[in-house]
Amino acid sequence: MISNELLKELGINEEDIEKEVSQIIGTTDEAAMAKLYDESIKDFEVDTILKGKILNIVGKDVIIDIGYKSEGVVPLSEFSSSDEVKIGTEIEVLLEAVEGESGLICLSKVKADRIRGWERIIATHKEGDLVRGRVIRKTKGGLVVDISVPVFLPASQVDIRKAEDIGMFVGKEIEALIIKIDEKKMNIIISRRKLLEIQREEMKKKLIGDIQDGDVRRGVVKNIADFGVFVDLGGIDGLLHITDMSWGRISHPSEMVAIDQPIDVKILKVEKEKEKIALGLKQLTENPWNNIDQKFPMDSKVKGKVVNILPYGAFVELEKGVEGLVHISEMSWTKRINHPQEMLAIGDTVEAMVLNINKKDQEISLGLKQLETNPWQLLVEKYPIGSKVHGRVRNLTSYGAFVEIEEGIEGLLHVSDISWTKKILHPNECLKKGDKIEATILSIDPDKKRISLGRKQLEPNPWITTFPEKYKVGTVLQSTVTKVKNFGGFVEVEPDLEAHLALTKTPSEQQKPALNPGDVVQVEVTQFDSLERKIVLKLLAVIESKAPAPAETAPVQPVAEQAPTAPAVETPAPEQPPAPPAQA
């Protein structure tokens, strides 16, 4: 459009133009001028596409001659390239408006191109046809594609899989299918996804028909999950499980592949009816376990890097794809290890010994302690049976006490080996943690790492040395009652030594005498067993009674006629208790 600004830019005076026009057409009246004007614009209706010729380029405007009394102007920005702007070139433009009597006109090349393009598209295409074009920009809901006219590609129709950023398609040539044409609104919607689905279905049918177990195919990584990778083989996705990616250890599939990365995979299994394909990547290389027993023979020393630590042990990588387990029990001969991380850390380089190889299950057992001398093998020489040792009570259990005799070496002092005479139900009756004690070595088993200790063995067994003579049958003693049961009682014949008192009924007695703890009694030995370490007594007389006061006396309870475990000989009690022997 020629405007006052353009005339100023060209340096032309409006009055000079009017004078020159008057000289050319001569003078005429206003009525004649109006008639000439109406005749000149009868073929130039608004919204009409006209042909024009490029006359000149002035600044950011292109001057166009459309056969009108004055030229029109098209902004230079409406031309897609400089090759289109050549003087003398014919183009089509849309007449948008005529600005009053001055005759200035508004033209648009873009709108003319759009209308012509729309006419061609409508004439040559229908819904379902394939079109090709360049993505020119991204909008809020999708992409705008130029197929000679701008058409809309919704974001949901860009790809089969949801794209993270559809802006990556801007500037690219794409193919798509027309899914909707709205002639009234001059609007076309296309779908690239629908085209890909049709192509993919055709490729899938061909792939399923051709593919076989054992084939090696090239695919493209389309998705990565924690458990594996989905690979597009061309029409159908196969699953590459994380366990089939590497002979070695990987924490996540992304350590080996990336989205859209092309990779070669081996077809492990095809289920054609279910359209499922299992893939393998590590199977393209030799299994390092095939000759494992030759590379790492039994009892050989190996080096490796700690790659994982669990509560029960540490995994050591010997080579790519080969790991061995050092169990927590194989880390030290003597140290008490609660967790492997007390000894090792991930990344440590360690030396170990091969203890066992399970080729079938791909397992190797390793040991660290086997590289050192087993101190348990030296204990037999260091601590002969019967030798005395000193140690500290580390732990107490219901069956005995664990005594540490040197760092990491413990022996068990069983509850039955604490005393020759005292009946001990739990070791805490005479020991506590931290006590320093002396004991005797009873036995050593290096293979099972067991040491048996005895405390009573520090002294001779009185049941063999002194008790047989001291408590022979018929010996009369004066003792104190310690416990009373319904079958009899127990008396203390000397410190830490109790004997069973069997109460018997005599023909002249209607009831057994009532006894109380603390009573001083005269008794006679009726049975002595050194092997069972048992002494059985019979009551001769109560010398001193500890019965409660009459007001507090409880009724006498009848007792059993015969103690269940007392094979004592029934002997009538004498009229008068004999004097106790001097030794009692």
Side-chain angles (χ1 to χ4, degrees), residues 415-416 418-426 429-430 456 459-584:
V415 66
S416 62
I418 295 178
S419 174
W420 288 115
T421 57
K422 186 176 181 179
K423 185 177 182 181
I424 300 173
L425 301 178
H426 195 284
E429 296 175 16
C430 55
K456 67 184 184 182
E459 300 176 355
N461 185 354
W463 292 92
I464 297 175
T465 57
T466 59
F467 287 178
E469 179 62 27
K470 189 175 182 179
Y471 301 109
K472 64 183 178 179
V473 175
T475 302
V476 177
L477 306 170
Q478 182 174 309
S479 305
T480 301
V481 177
T482 56
K483 291 185 285 289
V484 178
K485 304 293 182 181
N486 61 351
F487 54 83
F490 292 91
V491 298
E492 185 179 55
V493 295
E494 65 177 68
D496 293 337
L497 177 61
E498 288 184 340
H500 175 221
L501 177 59
L503 298 179
T504 59
K505 182 186 290 185
T506 64
S508 61
E509 290 178 320
Q510 297 301 318
Q511 286 186 333
K512 296 178 180 178
L515 293 177
N516 301 284
D519 288 353
V520 179
V521 296
Q522 190 177 52
V523 294
E524 181 182 349
V525 177
T526 60
Q527 184 180 346
F528 177 84
D529 189 335
S530 61
L531 295 178
E532 296 290 333
R533 288 184 283 180
K534 182 172 65 175
I535 300 174
V536 181
L537 309 171
K538 72 175 180 179
L539 180 64
L540 297 181
V542 177
I543 298 175
E544 183 181 346
S545 175
K546 297 294 184 180
E552 301 176 359
T553 303
V556 177
Q557 299 293 331
V559 295
E561 293 188 2
Q562 182 69 34
T565 58
V569 178
E570 294 190 6
T571 303
E575 293 284 335
Q576 297 292 332
Q583 63 182 12

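Along the sequence shown, residues are numbered consecutively beginning with 1.
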*Asks:* What is the distance from atom CD1 of Ile424 to atom NZ of Lys456, rounded to the nearest 0.5 Å?
*Replies:*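 Spacing of CD1 (Ile424) from NZ (Lys456) equals 9.5 Å.
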
*Asks:* Taking all heavy atoms of Pro462 and all of Pro468, pick out the closest pair and write down the distance.
*Replies:*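 Answer, listing the atom of Pro462 first, then Pro468: O-CD, 3.8 Å.
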
*Asks:* Say you draw a straight line from CG of Asp519 to OG1 of Thr482; how long is it, rounded to the nearest 0.5 Å?
*Replies:*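 Asp519 atom CG to Thr482 atom OG1 measures 11.0 Å (nearest 0.5 Å).
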
*Asks:* Quick one, Val484 and Asn516 - any side-chain contact, counting heavy atoms below 4.5 Å?
*Replies:*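 Not in contact.
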
*Asks:* Is the shortest side-chain heavy-atom distance between Phe528 and Lys470 below 4.5 Å?
*Replies:*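 Sidechains of Lys470 and Phe528: no contact.
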
*Asks:* Could you label the plane-to-plane angle of the His500 and Phe490 rings as parallel, tilted or perpendicular, counting under 30° as parallel and over 60° as perpendicular?
*Replies:*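 Tilted.
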
*Asks:* Taking the side chain as C-beta and beyond, is there a heavy-atom pair between Leu497 and Tyr471 under 4.5 Å?
*Replies:*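 Touching, per the 4.5 Å side-chain cut-off.
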
*Asks:* Nearest 0.5 Å please: distance from the CG atom of Leu501 over to the CD1 atom of Ile535.
*Replies:*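 Here the rounded value is 12.5 Å.
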
*Asks:* Apply side chain to side chain contact (heavy atoms under 4.5 Å, CB included) to Lys472 and Val525, showing your working.
*Replies:* CA-CA 7 Å; Lys472 64 183 178 179; Val525 177; over 6 Å; no

*Asks:* Within the supplied structure, the quantity of interest is the number of heavy atoms (other residues, nucleotides, ligands) at a distance under 6.0 Å from Glu492 CD; does it exceed 12?
*Replies:*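 Atom CD in Glu492 is packed in, count exceeds 12.
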
*Asks:* How long is the gap from CD on Glu459 to OG1 on Thr421, to the nearest 0.5 Å?
*Replies:*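 Here the rounded value is 9.0 Å.
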
*Asks:* Is there a donor-acceptor pair closer than 3.5 Å between any side-chain N or O of Trp463 and the backbone N or O of Trp420?
*Replies:*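 At least one qualifying donor-acceptor pair exists.
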
*Asks:* Is it true that Glu429 and Lys422 make a salt bridge, defined as a side-chain N closer than 4.0 Å to a carboxylate O?
*Replies:*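 Judged by the 4.0 Å cut-off on N to carboxylate O distance, Glu429 and Lys422 do not form a salt bridge.
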
*Asks:* Which atom names give the shortest non-hydrogen contact between Glu524 and Leu540, and what distance separates them?
*Replies:*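 Shortest heavy-atom contact: OE1-CD2, 3.8 Å.
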
*Asks:* Knowing that exactly one of Leu537, Ile543, Leu515 qualifies, which makes a side-chain contact (heavy atoms from CB on, under 4.5 Å) with Val521?
*Replies:*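 The passing option is Leu515.
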
*Asks:* Measuring from atom CG of Asp496 to atom CD of Glu498, what distance do you get when rounded to the nearest 0.5 angstrom?
*Replies:*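 Between Asp496 CG and Glu498 CD, I get 9.0 Å after rounding to 0.5 Å.
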
*Asks:* Rounded to the nearest 0.5 Å, what separates atom NZ in Lys423 from atom CZ in Arg533?
*Replies:*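 Those atoms lie 12.0 Å apart.
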
*Asks:* Do other residues, nucleotides or ligands put more than 12 heavy atoms under 6.0 Å from Lys483 NZ?
*Replies:*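 Result for NZ/Lys483: enclosed.
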
